[in-house]
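Supplied in structure tokens, the structure appears directly below.
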Amino acid sequence: MKTQVCIVGGGPSGLLLSQLLQRNGVDTVVLERQTRDYVLSRIRAGVLEQGFTRLLREAGCGERMDREGEVHHGFHIAHQGRMDRIDLTALTGGKSVMVYGQTELTRDLYEARDRLGGQVEHSAADVALHDLTSTKPYVTYKRGEQTLRVDCDYVVGADGYHGVSRKSIPSEVLQEYERVYPFGWLGVLSRTRPVSSELIYANHERGFALCSLRSQILSRYYVQVPLSDSVEQWSDDAFWDELKRRLPAEIAANLITGPSIEKSIAPLRSYIAEPMRYGRLLLAGDSAHIVPPTGARGLNSAGSDVYYLFAGLVDFYRKGSAAGLESYSQNALARNWKAQRFSWWMTSLLHRFPDNSPYQNKLQLTELEYLFGSTAAQQALAENYVGLPY
Ligand code: RFL
Ligand code: PHB
């Protein structure tokens, strides 16, 4: 096969980029290791910033999101027995976020790809990247016994944290920065009415908890757990009991419980790789950076990568200018480091760290008190949560 841009990974980053490019006359092939059903069974992000919703609309995929998604103007932080609200809209001069599940927007992207006849190759095994420092890179993969080859101008690595793309950059070129947290999030999805119309992030002495939602009949809840815990250890009843203990009494009393329809543990990690471009390989999304989910930045950061790449690739094909692609790594990293900082800060603010000294615990409580006593501090939180400009 021959294409202009070969995209490795059919998650939200890869699909969104291929959709935007095709609508602007750039030809792509997407290679995805899993089946479509598998990709659509992953329950992940829920909160979208305005930049991301704008891109989805630009890709012709915003219709269902605008109909079924919920615009949120604020969220709550429960701490020290009280609940405070972050008024996103008032603090940011009118901005808000959209609550719409990653699973749903991935489904919308697949359907849009189908409508345009976009080429997405599922169950592509043993994907390998070749000749990345030449002007004629190519990608090989296996389907059954057959080895197939895609010749292209550029390869985009949108294959997530465990993908092959980042690993194709020589170790003497790749710089990695990482922080692993000593806990994970146990998440439950349940077909119940959400306990609150807005998200509640809770800092509690038993550990962090989060009440989120997908719709008015679908709730998503999380509790911080030690890394040694496994999903099998957590019955639904044990999960609901623990969640209730970490919420303010009046919220816990209103919590509607029900059978979990998904339950999983995600370890928390901060990770970023530099550079995001190596020859004709461009990395996007989780393949280049991971953040703990506390600040709801992961998918949104993937969105800004896609935006910079889309603009750079369109300039390359329309105007013959490679300037946007040459500055891609620098521009994307500048924004991604800010997402790293914010996600680390939100995580530090809201979790219990088993190795923290009493001094550090006091500082954490002081940070919360300062936050809710200072409009300037709340503004700093809000402008990051709704997404820095790009
Ligand atoms: P993905 O979604 O991992 O997709 C990568 C795709 O590449 C495929 N792949 C390969 N294909 C071919 N060959 C290979 N060798 C391959 N290796 C892998 C995979 O099968 C997959 O389909 O990365 P992408 O597209 O960059 O998207 C990133 C987002 O998925 C991620 O950042 C977010 O889910 C993070 N995240 C959140 N982000 C937000 O912005 N807001 C949130 O509220 C939010 N909540 C979350 C989250 C992530 C969570 N988990 C489970 C880590 C909540 C949770 C619990
Ligand atoms: C979610 O709904 O899954 C969600 C919401 C906000 C976060 C993380 C996850 O910060």
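Both counts, for ligands and for their atoms, begin at 1 and track the order of listing.
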query: How about Phe372 and His79: do any of their side-chain heavy atoms sit closer than 4.5 Å?
result: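 A side-chain contact exists here, since the closest heavy-atom pair is under 4.5 Å.
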- prompt: Below 4.5 Å, heavy atoms only, C-beta onward: do Asp153 and Val5 meet side chain to side chain?
  reply: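 Contact flag for Asp153/Val5 side chains = no.
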- prompt: Which is closest to atom 5 (C) of ligand 1 in terms of heavy atoms, Gly295, Ala158, Gly157?
  reply: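 It is Ala158 that holds the nearest heavy atom.
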- request: Give the numbers and elements of all ligand 1 atoms closer than 4.0 Å to a heavy atom of Gly163.
  value: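 The atoms of ligand 1 under 4.0 Å from a heavy atom of Gly163 are 17 (N).
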query: According to the interplanar angle, ranging from 0 to 90°, do the rings of His351 and Phe208 count as parallel (below 30°), tilted (30 to 60°) or perpendicular (above 60°)?
result: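 Parallel, since the angle between the ring planes stays under 30°.
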query: Hey, does Asp229 have a side-chain heavy atom less than 4.5 Å from the side chain of Pro226?
result: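 SC-SC contact between Pro226 and Asp229 confirmed.
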message: Glu68: which residues meet the salt bridge (charged side-chain N to carboxylate O under 4.0 Å, His left out) condition with it, sequence neighbours left out?
response: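 With sequence neighbours excluded, Glu68 shows a salt bridge (charged side-chain N to carboxylate O under 4.0 Å, His left out) to Arg64, given in chain and number order.
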- request: Note the single closest protein heavy atom to atom 45 (N) of ligand 1, along with its residue, its atom name and the distance in Å.
  value: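 Here the nearest protein heavy atom works out to Ala45 CA, 3.2 Å.
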query: Evaluating non-hydrogen atoms only, which member of Ala266, Ala128, Ser13, Gly187 is closest to atom 50 (N) of ligand 1?
result: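 Looking at heavy atoms only, Ala266 sits closest to atom 50 (N) of ligand 1.
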- prompt: Within the structure, does Gly14 bring an N/O atom to less than 3.5 angstrom of an N/O atom in ligand 1?
  reply: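 No; every N/O pair is 3.5 Å or more apart.
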- prompt: Can you name the nearest heavy-atom pair linking Ile217 to Pro194, along with the distance?
  reply: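 Closest pair (atom of Ile217, atom of Pro194, distance): N-CD, 4.3 Å.
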Of all pairs that satisfy side-chain hydrogen bond (donor to acceptor under 3.5 Å, both in side chains), the ones with a partner from residues 303-316, not counting sequence neighbours: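 Checked against side-chain hydrogen bond (donor to acceptor under 3.5 Å, both in side chains) - neighbours excluded - the pairs reaching residues 303-316 are His289-Asp305, Ser304-Arg335, Asp305-Asn336, Asp315-Lys319.
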- request: Measure from the ring center of Tyr271 to the ring center of Tyr177 and say whether it is less than 6.0 Å.
  value: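 Between Tyr177 and Tyr271, which both carry aromatic rings, the centre distance is not below 6.0 Å.
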- request: Heavy-atom contacts with Ala296 under 4.0 Å: which atoms of ligand 1 show up? List them by number with element.
  value: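 Once the distances to Ala296 are compared, the set is 39 (C), 40 (O), 41 (N), 42 (C), 43 (O).
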message: Within this structure, what is the CG-OG distance for the pair Leu213 and Ser197, rounded to the nearest 0.5 Å?
response: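 Here the interatomic distance stands at 8.5 Å.
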task: Identify, by atom number and element, the atoms of ligand 1 in contact range of Gly160, meaning under 4.0 Å from any of its heavy atoms.
output: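 It comes down to these atoms of ligand 1: 3 (O), 5 (C), 23 (O).
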query: Does the side chain of Pro293 reach to within under 4.5 Å of the side chain of Trp185, using non-hydrogen atoms?
result: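 Yes. Closest side-chain heavy atoms under 4.5 Å.
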message: Can you check which of Asp305, Asp159, Val139 brings a heavy atom nearest to atom 7 (O) of ligand 1?
response: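 Shortest heavy-atom distance from atom 7 (O) of ligand 1: Asp159.
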- request: Return yes when atom CZ of Arg352 has more than 12 non-hydrogen atoms of other residues, nucleotides or ligands closer than 6.0 Å, and no otherwise.
  value: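 More than 12 within 6.0 Å, yes.
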Tyr222 and ligand 1 - part of the residue with a heavy-atom distance under 4.0 Å: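 Tyr222 to ligand 1: side-chain contact only, backbone stays beyond 4.0 Å.
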field: Residues in contact with ligand 2, criterion: heavy atom under 4.0 Å
entry: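 Close residues (ligand 2, cut-off 4.0 Å): Arg44, Gly46, Val47, Trp185, Leu199, Tyr201, Leu210, Ser212, Arg214, Arg220, Tyr222, Pro293, Thr294, Ala296.
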- prompt: Counting only N and O atoms by type, is there a donor-acceptor contact under 3.5 Å from the side chain of Asp87 to the main-chain atoms of Ala90?
  reply: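 Yes, the answer is positive, given that a donor and an acceptor are paired below the 3.5 Å cut-off.
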- request: Say whether Asn300, considering both its backbone and side-chain N or O atoms, lies within less than 3.5 Å of an N or O atom on ligand 1.
  value: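 Right, the criterion is met.
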- request: Could you check atom 2 (O) of ligand 1 against the protein and tell me its nearest heavy-atom contact, residue, atom and distance included?
  value: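 Answer, as residue, atom name and distance: Arg44 NH1, 2.9 Å.
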- prompt: Any nitrogen or oxygen of Gly285, main chain or side chain, under 3.5 Å from a nitrogen or oxygen of ligand 1?
  reply: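 No, there is no polar N/O contact under 3.5 Å.
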task: Could you tell me which atoms of ligand 1, counted from 1 in the order shown, lie closer than 4.0 angstrom to a heavy atom of Gln34?
output: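 Taking each heavy atom of Gln34 in turn, ligand 1 has 20 (O) under 4.0 Å.
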field: Parallel, tilted or perpendicular, as decided by the 30° and 60° cut-offs, for the rings of His122 and Tyr110
entry: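 Tilted: the ring planes of Tyr110 and His122 meet at 30° to 60°.
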message: In this structure, is the centre-to-centre distance between the rings of Tyr221 and Phe239 below 6.0 Å?
response: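 No, the ring centres sit 6.0 Å or more apart.
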- prompt: Does ligand 1 have a heavy atom under 4.0 Å from the side chain of Leu31, from its backbone, from both, or from neither?
  reply: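 Only the backbone of Leu31 comes within reach of ligand 1.
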- prompt: How far is atom 31 (C) of ligand 1 from its nearest protein heavy atom, and which residue and atom is that?
  reply: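 Protein heavy atom with the smallest distance to atom 31 (C) of ligand 1: Asp286 OD2, 3.3 Å.
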message: Please list the nearest protein heavy atom to atom 21 (C) of ligand 1 with its residue and the distance rounded to 0.1 Å.
response: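 Residue, atom and distance for the closest contact: Arg42 NH2, 3.1 Å.
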message: Counting non-hydrogen protein atoms only, what is the nearest one to atom 27 (O) of ligand 1? Give residue, atom name and distance.
response: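 It is Pro12 CG, 3.5 Å.
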message: Less than 4.5 Å apart, side chain to side chain, heavy atoms only: is that true for Leu281 and Ser165?
response: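 Leu281 vs Ser165: side chains touch.
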- prompt: Any idea which atoms of ligand 1 are less than 4.0 Å away from a heavy-atom of Gly46?
  reply: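 Those qualifying, in numeric order: 42 (C), 43 (O).
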- prompt: To the nearest 0.1 Å, how far is atom 8 (C) of ligand 1 from its closest protein heavy atom, and which atom is that?
  reply: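 I find the closest protein heavy atom is Glu32 OE1, 3.2 Å.
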query: Are Asn384 and Arg297 close enough that some pair of their side-chain heavy atoms sits under 4.5 Å apart?
result: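 They are not in side-chain contact.
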message: Tell me the protein heavy atom at minimum distance from atom 11 (N) of ligand 1, and give that distance in Å.
response: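 For atom 11 (N) of ligand 1, the nearest protein heavy atom comes out as Arg33 N, 3.1 Å.
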Partner set under side-chain contact (heavy atoms from CB on, under 4.5 Å) for Thr3, not counting sequence neighbours: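 Thr3 satisfies side-chain contact (heavy atoms from CB on, under 4.5 Å) with Cys6, Asp27, Val29, Val150, Cys152 once adjacent residues are dropped.
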Atoms in ligand 1 with a heavy atom of Gly298 nearer than 4.0 Å: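 It comes down to these atoms of ligand 1: 32 (O), 35 (C), 38 (N), 39 (C), 40 (O).
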message: Give me the residue, atom name and distance of the protein heavy atom closest to atom 33 (C) of ligand 1.
response: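 So the nearest neighbour among protein heavy atoms is Gln102 OE1, 3.4 Å.
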Close N or O approach (Leu299, ligand 1; < 3.5 Å):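 N/O-N/O distance under 3.5 Å: yes.
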